[in-house]
*Asks:* 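Mind looking over this structure? Questions follow.
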Amino acid sequence: MTRRRGLTQFVAPALLLIAVGIVGGLTSAGTQEDITSVLISATMVIALYVFIGNSGVISFGQISFVALGAFAAGLMTIPSAVKPTVLPNLFPFLADHSVGSFESLFLAAGLGALFAFLAGVPLMRLSGLAAGIATFAVLEITHNVLRFWDKIGPGAQTLALVPEDVGPYEAMLGALFAATVAFLYQRSRSGRLLRAAREDPAAAQAVGVNIHRHRLVAFTISGALAGLAGGLLVHQIGSITTEQVYLELTFLTLAMLVVGGMGSLWGAVVGAVLVSFLDIFLVDAEGGVGVGPLDVDLPSGASLVILGALMASMLIFRPAGITGGRELTLRLPRLGGRGPGEQPDEREAAADQPQPEQALAPGTRSETPRSET
Amino acid sequence: GGDDDDGDSGDTTAAAEEGPITIGAAVDQTDLMQFFDGPALAAAQIEAEQINAEGGVDGRDIEFEVEDTRLEPARTKSVAEDMIAGGADVLWVTCDVDWATPSIQEGINAGVLTVAPCIGTDQMGPKRFGDAGQLAYSFGNVAQDEGAALAELASDKGWKSANVVTDESIAYTQNACQAFKLRFEELGGEIASDETFTEGDGTINSVVNRVNGSDADMIAICATTQEDLPAFVSGVRGGGNETPIAGPWSIDGAFWLPKDPQVSNNIYVITYASIYGDDPNPDVRKLIAEMKKQGAEPATGGFVTGAAALQGIVEAIEENGGSTDGEALASTVEGFDGLDTISGSVSFSPDFHTAFGREYRVIEIKNGEPRFTGLIKAGEPVSFD
Amino acid sequence: MLEIRDLEVRYGAVPAVRGLTIEVNEGEIVGLIGPNGAGKSTTLLAVMGAARVRRGEIRVRGSSIVGARTEDIARSGVSLVPEGRHIFPHLTVDENLRLGLVGRRDRDGVRAGLDWVHGLFPVVGEFRHRPAGALSGGQQQQLAIARSLLADPELLLLDEPSLGLAPSIVGDLWDTLGEIGQRGVTILLVEQRAQITIELAARTYVMHNGEIRTSLTPADAGDTDRIAAAYFGAKA
Amino acid sequence: MNVLQTLIDGVALGAVYALVAVGLALIFGVMRLINFAHGELITAGGYTLALASAWPKAAAIALTVVVCVVLAWAMERIAFRRLRNVAPATTLVATFAVAFTLQAVWLIAFGPQGESADVLSGLNQTAVSGELSIRWITIVMLITGGLLLAGTILLLNRTTIGLQMRAAATDFRAARLLGVRADTVISVAFVIAGVMAAAVAVLLTVQRPLVTPTFGLQVTILALVGVVVGGMDRLWTATLGGFAIGFATSVLGEALPSDQRVFLPSAVFLLVIVVLLLRPGGLFAPRGAGGVERV
Amino acid sequence: MQALEGVSLRVDRSEVVGLIGPNGAGKTTLVNLITGFDVPDSGRIELDGREITAWSAVRRASSGLARTFQHGHLFAGLSAIENVEVAALGVGARSSHAHMRARELLEMLGLGDRADHDASMLPHGDESKLGVARALATDPRYLLMDEPAAGLSEPELPALVNVIRSVRDQHRAGVLLIDHNVTVIMEACDRVVVLDGGRVLSEGTPEEIRANPRVAAAYLGTVRA
Ligand SMILES: Nc1ncnc2c1ncn2[C@@H]1O[C@H](COP(=O)(O)OP(=O)(O)OP(=O)(O)O)[C@@H](O)[C@H]1O
Ligand SMILES: Nc1ncnc2c1ncn2[C@@H]1O[C@H](COP(=O)(O)OP(=O)(O)OP(=O)(O)O)[C@@H](O)[C@H]1O
Ligand SMILES: [Mg+2]
Ligand SMILES: [Mg+2]
């Protein structure tokens with residue numbers, strides 16, 4: 001019963017991603033690019049979800065794995081013939097070797113996982129703010145090294161001349177792959193134990209859960225998916241700079257995750273897709289666009305204000321995220337006529353109503369400095 | 001007459017050669033680069049209107065199609081893609097080679113001449129983009145040229161020693177000061193101290209203290225007009241150090257100057273045009289007046305590169321008998337040697353797809369007031385090889 | 001003093017209290033018992049304005065307090081010892097006590113009040129500079145009660161005050177409740193220790209599934225069968 | 001370069017971050033909220049100074065205080081008040097969103113290039129010159145930082161409203177049950193944070209006269225790192241942490257050979273990681289206080 | 001501050017040992033020490049003859065030492081049944097088995113109809129019961145219960161006592177039972193240890209303890225129990 005219901009929970013996010021990909025494939029060149037970006041964002045947010053959603057620990061570091069994946073996949077697919085001219089300071093090994101775009105995605109994911117694992121071994125011992133800041137430090141260091149060490153990359157300049165092989169379909173496959181991994185992980189023993197530990201670390205230890213180990217597993221998987229997302233990103237745009245995979249992307253992807261609802265895969269996907277589309281729509285509105293009878297025409301830059309304000313209000317009015325951090329269970333037979341992005345069924349919808357008045361409810365208890373109270 | 005010839009701008013060369021010449025501008029109108037892209041584009045559009053009013057290019061109008069990249073790489077690419085799919089004859093990109101890369105690659109891979117008005121590094125060409133980079137050009141000054149001109153200015157002023165301060169965060173400032181140092185020493189100057197910082201790294205006040213502790217006839221600073229530059233100037237002057245400070249175009253503009261007239265004093269800037277109402281070229285003054293009228297008052301002299309770039313593009317199309325074929329235009333642009341534009345004469349070479357050879361305006365800031373004080377030329381740009 | 005009429009409170013769609021009516025007269029000690037999940041805590045929270053009242057009326061001293069803000073209710077002489085203590089673990093024991101004074105209406109007698117609670121619960125004096133979170137469970141409970149007493153309420157609401165207290169302390173507490181009841185403080189006492197509650201209270205309501213099933217008097221205290229029957233839902 | 005001057009430069013930079021840190025630590029102490037948008041208060045103050053720079057100095061500074069206080073109060077009223085009992089991650093991201101929105105507003109209103117706002121530029125002059133150079137502003141910042149810190153500590157620890165603030169922070173509902181007017185108390189905290197942001201804006205623009213849309217954000221991020229490294233649970237450890245990160249940045253910058261100086265952030269953040277691993281509860285936190293989980 | 005001083009305590013399998021004492025006597029501290037949530041300044045802790053003083057809490061739990069908490073510490077975002085399942089998974093059960101076991105335990109504690117409720121919404125008494133179910137799900141060889149009767153209504157207590165006995169008799173696990181409800185202690189325990197001020201005050205059968213005047217003075221008080 002749980003198993004079957006669990007599987008149906010994968011259907012909604014998968015369908016949403018597929019729908020976005022297919023719609024994207026049918027549009028004009030520029031719009032295809034936008035849709036590809038949506039799907040790559042979704043991949044990143046899913047990567048974030050695997051760690052943050054399951055462990056409850058905020059990490060500002062996942063974008064460093066995206067960065068590593070992007071630069072690795074980009075660098076290794078530039079034909080070695082041109083590398084000496086455009087990247088004269090590279091280590092000979094990096095300059096002399098190249099791989100195909102597809103292989104480079106494995107490279108990106110593998111390096112992301114490796115880096116995450118190595119960073120995770122010490123850092124996963126930390127929790128709370130200390131963990132947040134330590135992972136932020138990882139981001140800063142990665143950014144700084146990639147930006148100024150021109151033996152391993154382009155340094156402060158753009159890495160250009162990367163094959164542009166990722167369109168909506170490729171991005172969709174990437175996002176689906178990430179969603180599958182995330183789904184399998186969250187249903188694995190490790191995933192379930194980590195989610196419990198998220199709720200109460202002390203209680204988890206009392207039932208034998210090795211929190212450090214499970215966090216490390218999630219962090220590594222998240223690193224792999226983030227690296228993959230980086231690989232997709234660089235092959236979409238054909239170039240990459242360190243600024244692209246730094247603070248702004250970190251905040252934006254985190255915001256997508258939280259707006260969607262960071263407790264569920266469905267939330268991650270919904271958040272990424274919704275915020276990305278909102279962004280696209282608002283930018284178009286800046287150029288003037290008709291919404292039904294209305295003619296929306298925004299001043300330049302206003303879209304950013306609106307996007308920010310919308311994200312803030314979504315969090316204010318739905319702090320648990322649009323999905324309430326719950327999975328959406330789609331029952332396949334009833335699927336006819338229902339889009340994948342539609343309402344959760346009633347029971348779950350009722351359950352995730354925020355209840356601002358549940359004062360002093362069990363579970364909202366304050367913490368104590370003792371290990372046990 | 002092409003004024004009312006508003007034909008279909010289809011993809012085929014034949015049709016394109018009848019309709020207007022479309023320049024697709026993928027520029028930033030939202031974020032940091034709007035500050036450079038906006039004025040340059042506005043100047044170019046004014047120039048285009050004038051050309052159109054005078055009958056266009058071989059009877060064809062010039063039309064700009066402008067899209068906002070918002071400085072987002074994916075959008076930069078998608079916007080350029082759409083423009084090229086829509087038949088743009090020339091691609092016009094953001095004034096920073098790194099931010100512009102996604103659009104530059106779209107342009108050059110589609111065989112379209114790709115032009116930036118004011119990129120200042122030597123990267124806008126094969127150095128960055130390999131063979132296809134043949135199609136990419138910038139009408140900004142290459143930093144090697146600006147640095148050299150700054151050294152010439154120092155030498156003209158009789159300054160014999162210099163404290164050099166370089167922002168290492170971008171290639172342009174690094175190249176400019178590198179060129180300054182090489183040329184300054186060639187001209188017999190001495191580098192008294194050589195300081196570096198990275199914009200935003202928090203070390204600028206240490207740099208100030210070291211510079212204040214080192215005697216020299218001048219301070220050369222290659223930085224951008226972000227927070228550290230005004231912090232530097234305030235610190236130096238606050239320490240009682242009145243040494244002249246000089247820098248390239250990237251420190252042009254009055255907006256960043258500390259308001260205290262004793263602080264904003266004895267500062268020299270070389271730039272494309274004086275925006276302070278006293279540019280020696282009446283065409284430039286007229287252009288500024290026109291921009292003001294449109295509410296697009298320039299904040300640095302860089303705007304004029306926009307008009308110059310358009311003039312260059314038009315010249316190349318005319319030399320090719322109206323063809324907008326990318327390769328043909330590119331080889332013409334590469335061959336420009338002393339092309340006369342509103343921003344003075346510009347040259348290109350296979351080594352430098354970014355312009356050199358201009359006559360720079362020397363702006364002196366005295367007691368908080370910037371004014372034009374003369375012209376300077378680099379002679380040859382410095383070569384790092 | 002306290003009148004609750006036809007009260008309904010829901011969490012989401014689920015009603016926790018449905019149509020509850022009880023009355024507590026001035027200076028009276030009234031008990032409220034019932035199985036887990038009966039809605040006892042919810043009722044007390046509703047009185048404090050901390051759970052939203054869907055329907056019904058709550059009057060203190062004759063005037064309705066439905067919709068009033070929790071802090072205003074607390075400052076008007078009503079004080080709750082919440083379930084699960086809710087002391088402030090990072091603050092010292094003394095600071096926790098001082099917070100009890102916030103709801104106090106008159107400033108006189110603070111000194112005497114402090115001496116009184118220190119006498120009742122010596123731990124809160126002994127450990128006054130320690131973070132409250134370092135106290136043992138029962139000590140924290142004592143602190144929570146002391147804090148409420150310091151507010152010098154007219155109406156004292158207690159949610160399972162005996163929880164975690166050693167038997168001797170429970171004895172002392174019961175004596176104290178009797179005393180302050182005699183001084184005119186009205187007490188609504190929610191408890192799981194049915195027997196001793198029934199003994200102490202003038203009247204003890206048995207709540208079940210959000211409703212009052214029956215009420216018992218001290219005379220019933222020895223009748224365990226009757227109490228059990230009341231608990232498990234048989235109408236007595 | 002002499003060692004003493006290096007240390008003095010370190011103190012000067014540390015003072016900047018310490019000043020920002022007090023404001024962050026106050027709001028964290030009272031609200032358990034990491035307010036990324038605190039930087040936007042500073043930015044708002046900076047722009048106010050720039051726009052009012054033609055005014056008499058005292059009037060310009062007074063206006064700055066008013067603007068910062070109103071904005072701080074509005075932030076709490078509109079956004080953070082509703083987020084009191086939600087997951088820390090959500091509030092954190094909500095403060096990003098607020099900061100992001102305000103930055104976009106600055107960008108539209110004032111453009112990317114910045115405005116010059118050196119109202120008290122006289123403080124840039126050196127107080128001690130010769131072998132060593134110390135600026136007046138450094139001294140003023142240290143004194144102001146010390147006063148703000150002491151004032152805040154007194155407020156929180158010695159006054160009833162301070163006690164109520166701390167209670168409301170740990171358990172908002174329990175505090176209300178005791179009669180604490182939690183909304184008011186928390187508004188007061190934000191108002192004070194607004195005053196602090198104004199002070200930071202005035203002092204910061206002395207050293208960094210150009211106010212850009214990211215003016216306050218940059219210092220805030222680094223100050224926040226410092227606050228966590230120092231120990232977030234106490235005001236003084238948090239403030240000292242802010243100071244320490246500035247000091248470390250400056251001294252490490254000197255220590256690195258000049259061709260490696262671009263890697264300064266790596267060095268600083270490596271140090272941050274090491275400190276956090278050794279003292280997760282904070283560098284200056286008393287022993288044994290480590291490991292209290294939050295966020 | 002010394003919470004415990006020179007305490008020696010032994011619990012065998014198939015035995016229920018009561019631990020009582022006034023508030024602040026050090027009972028919870030003792031449980032924390034035994035389960036690895038606190039570190040002793042001196043002394044040693046052994047599990048089935050092996051010294052475990054230096055072991056982590058996780059390792060102790062995996063080796064058959066389970067506990068409940070005096071207050072809270074449920075997995076709030078998870079349903080009641082998931083709370084229990086996770087505990088079984090934590091010590092290595094297969095997921096289908098964990099589910100079955102969890103259901104069984106919930107039934108046993110009378111929480112069958114609460115299985116799908118979010119743990120954070122349970123009334124206080126059910127929280128206690130869920131804590132017990134969760135500890136049992138780890139199939140402990142020793143179970144340390146910190147006030148499991150707290151918050152339970154009186155008519156429910158006999159059922160709890162039965163559960164405790166069945167842990168002893170059916171699972172053959174040793175139980176250390178802390179509670180302030182003297183009836184529960186007396187009915188469930190084979191042996192009772194009284195702690196006061198961090199020291200063992202007395203030890204004996206329930207009857208002996210009840211009759212001990214020192215215990216009455218330190219703990220029981222005069223009348224009500
Ligand atoms: N925060 C909450 N969200 C949803 N339901 C809740 C919440 N708090 C309590 N409930 C439900 O409301 C009902 C009444 O709970 P309440 O806490 O008032 O019971 P109680 O009588 O105090 O029980 P106990 O004796 O165990 O403390 C229960 O069914 C409980 O599950
Ligand atoms: N972290 C700590 N810091 C300081 N004192 C502590 C700490 N933990 C416990 N104590 C003290 O140690 C003593 C024993 O506490 P413990 O929680 O073990 O008592 P207990 O016997 O479980 O009491 P109760 O029956 O009230 O739960 C108490 O006086 C308590 O204040
Ligand atoms: Mg209750
Ligand atoms: Mg205890």
Side-chain angles (χ1 to χ4, degrees), chain A residues 27-38 40-41 70 78-79 81-88 144 147-148 150 154-164 233-234 236-245 248-249 252 276 279-280 282-284 286-287 299-305, chain B residues 26-32 34 38 66-86 96-106 108-110 121-133 136 167-174 198-199 201 385:
Chain A
T27 53
S28 76
T31 314
Q32 281 199 5
E33 216 62 62
D34 291 342
I35 299 279
T36 310
S37 300
V38 172
I40 293 174
S41 298
I78 296 175
V82 299
K83 279 191 200 173
T85 24
V86 295
L87 300 162
N144 185 237
R147 181 159 180 181
F148 289 108
D150 56 11
Q157 303 177 349
T158 304
L159 183 72
L161 299 177
V162 179
E164 299 171 24
L233 179 70
V234 76
Q236 178 208 357
I237 300 177
S239 65
I240 189 90
T241 64
T242 48
E243 296 311 300
Q244 252 168 283
V245 280
E248 218 178 284
L249 189 63
L252 195 65
S276 306
D279 186 33
I280 294 172
L282 288 170
V283 173
D284 284 348
E286 270 185 9
S300 171
S303 66
L304 289 176
V305 179
Chain B
V27 294
D28 175 30
Q29 300 180 309
T30 307
D31 212 327
L32 293 174
Q34 62 164 293
V66 186
E67 286 286 347
D68 185 4
T69 66
R70 310 216 307 172
L71 230 52
E72 290 166 13
R75 207 178 142 73
T76 305
K77 182 186 179 201
S78 75
V79 164
E81 223 174 343
D82 268 348
M83 284 172 171
I84 285 164
D96 175 288
V97 72
D98 295 309
W99 289 118
T101 295
S103 51
I104 295 170
Q105 294 195 140
E106 285 310 304
I108 59 183
N109 289 339
T121 61
D122 57 5
Q123 299 288 308
M124 186 62 182
K127 269 211 178 106
R128 175 70 62 90
F129 300 103
D131 291 343
D167 174 5
E168 299 204 288
S169 68
I170 56 175
Y172 165 81
T173 49
Q174 281 177 292
T198 308
E199 174 69 37
D201 70 355
D385 304 325

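Here is the naming used below: chain letters follow the sequence lines, and residue numbers restart at 1 for every chain.
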*Asks:* Is there a donor-acceptor pair closer than 3.5 Å between any side-chain N or O of Q236(A) and the backbone N or O of E33(A)?
*Replies:*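 Indeed, once roles are kept as given, a pair shorter than 3.5 Å links the two residues.
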
*Asks:* Does any heavy atom of chain B fall under 4.5 Å from the side chain of E164(A), the backbone, both, or neither of them?
*Replies:* side chain

*Asks:* For E168(B) versus F148(A), what's the shortest heavy-atom pair and its separation?
*Replies:* O-CE2, 3.5 Å

*Asks:* Under 4.5 Å, counting heavy-atom pairs only, tell me which of R70(B), Q29(B), R75(B) racks up the most with chain A.
*Replies:* R70(B)

*Asks:* Heavy-atom pairs under 4.5 Å with chain B - which of I280(A), V86(A), V82(A) has more of them than the others?
*Replies:* V86(A)

*Asks:* What is the distance from atom NZ of K77(B) to atom OG1 of T69(B), rounded to the nearest 0.5 Å?
*Replies:*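 The OG1 atom of T69(B) is 15.0 Å from NZ of K77(B), to the nearest 0.5 Å.
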
*Asks:* Quick one: CD1 on I237(A) to CG on L159(A), what's the gap to the nearest 0.5 Å?
*Replies:*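 Going from CD1 on I237(A) over to CG on L159(A), the span is 12.0 Å.
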
*Asks:* I need the L32(B) CG to D96(B) CG distance, nearest 0.5 Å.
*Replies:* 10.0 Å

*Asks:* Considering only heavy atoms, which portion of T198(B) lies under 4.5 Å from any heavy atom of chain A: side chain, backbone, both, or neither?
*Replies:* side chain

*Asks:* Heavy-atom cut-off 4.5 Å, strictly under: side chain, backbone, both or neither for Q34(B) against chain A?
*Replies:* neither

*Asks:* Hey, what do you get for CG (D28(B)) to CG (L71(B)), rounding to the nearest 0.5 Å?
*Replies:*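 It comes to 4.5 Å.
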
*Asks:* Does any backbone or side-chain atom of N109(B) lie under 4.5 Å from a heavy atom of chain A? Answer side chain, backbone, both or neither.
*Replies:* side chain

*Asks:* Chain A heavy atoms under 4.5 Å from E72(B): which part of the residue, side chain, backbone, both or neither?
*Replies:*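 Just the side chain, heavy atoms under 4.5 Å.
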
*Asks:* Among A160(A), A156(A), S303(A), which has the most heavy-atom pairs under 4.5 Å with chain B?
*Replies:*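 Sorted descending by pairs with chain B, the first entry is A160(A).
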
*Asks:* State whether the side chain of R147(A) and the backbone N or O of E243(A) hold a donor-acceptor pair below 3.5 Å, judged by distance alone.
*Replies:*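 Judged by distance alone, no pair lies under 3.5 Å.
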
*Asks:* What part of I240(A) gets closer than 4.5 Å to chain B, counting heavy atoms only: side chain, backbone, both or neither?
*Replies:* neither

*Asks:* Distance from Q244(A) atom CD to T76(B) atom OG1, nearest 0.5 Å?
*Replies:*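 Going from CD on Q244(A) over to OG1 on T76(B), the span is 8.5 Å.
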
*Asks:* Where on Q174(B) is there a heavy atom nearer than 4.5 Å to chain A: the side chain, the backbone, both, or neither?
*Replies:* neither

*Asks:* Is T85(A) in contact with chain B via its backbone, its side chain, both, or neither, using a 4.5 Å heavy-atom distance?
*Replies:* backbone

